[in-house]
2 protein chains.
Amino acid sequence: MTTLTAQERRAEAARRYHAYLASCPARRLLDRIGDKWVTLVLSALADGPQRYSDLSRRIAGVSQKMLTQTLRSLERDGLVSRSVTPSVPVRVDYALTPLGTPLMPLLAHIKEWAEQHMDEVAAARAAYDRVTGAPAP
Amino acid sequence: MTTLTAQERRAEAARRYHAYLASCPARRLLDRIGDKWVTLVLSALADGPQRYSDLSRRIAGVSQKMLTQTLRSLERDGLVSRSVTPSVPVRVDYALTPLGTPLMPLLAHIKEWAEQHMDEVAAARAAYDRVTGAPAP
DNA sequence: CAGAATCCAAGGGGATACTG
DNA sequence: CAGTATCCCCTTGGATTCTG
């Protein structure tokens with residue numbers, strides 16, 4: 001007999017659901033481009049190959065840790081290539097790959113939607129806060 | 001004289017950059033749809049209005065806390081409407097608004113891209129891990 | 001039924017310092 | 001120059017309990 005409490009059944013359902021989400025392509029994509037630095041790095045590289053220090057300057061708000069971590073993850077995903085020139089000091093160039101390039105039109109599409117609709121969202125938010133009386137607790 | 005150390009100048013640049021990002025429409029949109037439960041709730045509601053308990057069952061992995069919090073934020077953004085029927089016990093229905101509805105084609109577009117390309121990303125990831133010898137530290 | 005409130009563990013991410 | 005390593009804070013989110 002599988003005697004499970006309601007709690008245990010819910011926990012099991014949640015576990016399965018998480019496994020499902022981990023395999024969902026759309027969710028995986030959103031996890032990547034939802035990352036703050038990922039989109040910024042990709043957008044910067046859309047203008048052409050860049051050195052590490054160039055990226056660091058262009059994306060002024062990023063820490064070295066997050067920049068390196070983001071670049072590593074993008075390299076691992078095959079979206080960005082990393083090429084080292086063994087000079088002194090070393091020079092490292094990053095660039096979009098053939099796999100990463102077709103991502104840019106999608107980002108452009110998202111940006112377009114945002115510029116068309118996000119002001120309405122902002123207005124809705126202001127109206128909501130006016131009614132509830134709370135700007136953002 | 002504005003005598004600033006290199007650290008102070010970098011900190012100031014980061015501060016400005018964060019302020020810029022907070023006002024960037026595309027970034028704000030990505031922050032929303034990058035949220036795990038937001039997309040799942042919106043997708044569920046795309047099938048028509050749903051009660052709280054319906055959503056809770058359909059999105060099996062979500063806690064009540066996150067479901068409520070997500071619904072509140074979506075209501076605040078004007079993407080979802082909340083209607084209370086004062087019966088006993090109360091009944092609450094959620095639905096996409098005219099502002100939230102046009103978001104669905106965008107999500108469909110993202111999903112389409114993901115299903116076309118995410119397997120290549122997975123392959124790149126596997127190749128990367130094979131070379132580096134690390135499945136995922 | 002539809003939440004609100006509280007507690008708490010895990011992880012993300014910044015600041016700093018060091019290196020080949 | 002292009003990182004790596006470490007510390008540490010603070011947010012995120014799950015579990016639990018209580019209510020109208």
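In what follows, chains carry the letters A, B, and so on, assigned in the order in which the sequence lines appear, proteins first and then strands, with residues in each chain numbered from 1.
Both B/Leu71 and A/Pro89 lie near DNA chain C, and the one whose nearest nucleotide falls closer to the 5' end is B/Leu71. Remark on DNA chain C: of its neighbouring residues B/Asp93 and A/Asp35, the 5'-side contact belongs to B/Asp93, judged by nearest-heavy-atom nucleotide. Of the two residues contacting DNA chain D, namely B/Gln64 and A/Arg57, the nearest-nucleotide position lying further toward the 5' end is that of A/Arg57.
The residues A/Asp54 and A/Arg57 are annotated as salt-bridged, a charged nitrogen and a carboxylate oxygen being separated by less than 4.0 angstrom.
A distance of 5.0 Å separates CD1 in B/Ile110 from CD1 in A/Ile33, rounded to the nearest 0.5 Å.
Looking at the side chain of B/Trp37, the nearest of the listed nucleotides C/dG14, D/dG14, D/dT4 is D/dG14. Distance from the side chain of A/Val90 is smallest for D/dC1 among the nucleotides C/dA4, C/dA15, D/dC1. When distances run from any side-chain atom of A/Lys65 to the nucleotides D/dG3, C/dT6, C/dA15, the shortest one goes to C/dA15. Comparing atom distances between the A/Arg51 side chain and each of D/dC1, D/dG13, C/dG13 picks out D/dC1 as nearest. Distance from the side chain of B/Met66 is smallest for D/dG13 among the nucleotides D/dC1, D/dT17, D/dG13.
Side-chain contact check for B/Leu40 versus B/Val62: every heavy-atom pair is 4.5 Å or farther apart. B/Leu30 has its side chain within reach of A/Thr39: a pair of non-hydrogen atoms, C-beta onward, lies under 4.5 Å apart.
By the side chain to side chain donor-acceptor pair (under 3.5 Å) test, A/Asp119 pairs with no residue at all, sequence neighbours left out. By the side-chain contact (heavy atoms from CB on, under 4.5 Å) test, A/Ala26 pairs with A/Cys24, B/Lys111, B/Ala114, sequence neighbours left out.
Straight-line distance from the CG atom of B/Leu67 to the P atom of D/dG14: 11 Å, rounded to whole Å. At whole-Å resolution of the value, CZ in A/Arg15 and P in D/dG14 are 16 Å apart. Going from atom NZ of B/Lys36 over to atom P of C/dG12 covers 13 Å, rounded to whole Å. Summarising the geometry, the separation between CZ on A/Arg72 and P on D/dA2 is reported as 12 Å, rounded to the nearest angstrom. Taking atom CG on B/Asp31 and atom C1' on D/dT12, their separation rounds to 14 Å, with Å as the unit. A/Gln69 has its CD atom 15 Å from the P atom of C/dA15, to the nearest Å. Rounded to whole Å, atom C1' of D/dC1 lies 16 Å from atom CD of A/Gln50. Here C/dA15 presents its C1' atom at 12 Å from NE2 of B/His18, a figure rounded to the nearest Å.
A pairwise comparison of heavy atoms in B/Trp37 and A/Leu21 identifies CZ3-CD1, 4.4 Å as the closest pair.
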Does the ring pair (Phe, Tyr, Trp, His ring centres under 6.0 Å) test come out yes or no for A/His109 and A/Trp113, once each step is laid out?
-> CA-CA 6 Å; A/His109 197 221; A/Trp113 197 98; 9.5 Å; no
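When the side-chain nitrogen and oxygen atoms of A/Arg82 are compared with OP1 and OP2 of D/dA2, none of them lie within a distance under 4.0 Å. Contact annotation: B/Tyr17 side-chain N/O to C/dG14 OP1/OP2 distance is not under 4.0 Å. Of the side-chain N and O atoms in A/Ser53, one or more sit less than 4.0 angstrom from OP1 or OP2 of D/dA2. Phosphate contact (OP1/OP2 of D/dT4, side-chain N/O of A/Tyr52, threshold under 4.0 Å): absent.
Relative to the axis of its first five pairs, the axis of the last five pairs of the helix from C/dC1-D/dG20 to C/dG20-D/dC1 sits at 50°, rounded to 10 degrees.
In this structure, A/Arg10 reaches neither bases nor backbone, as no heavy-atom distance under 4.0 Å exists between it and the strands shown.
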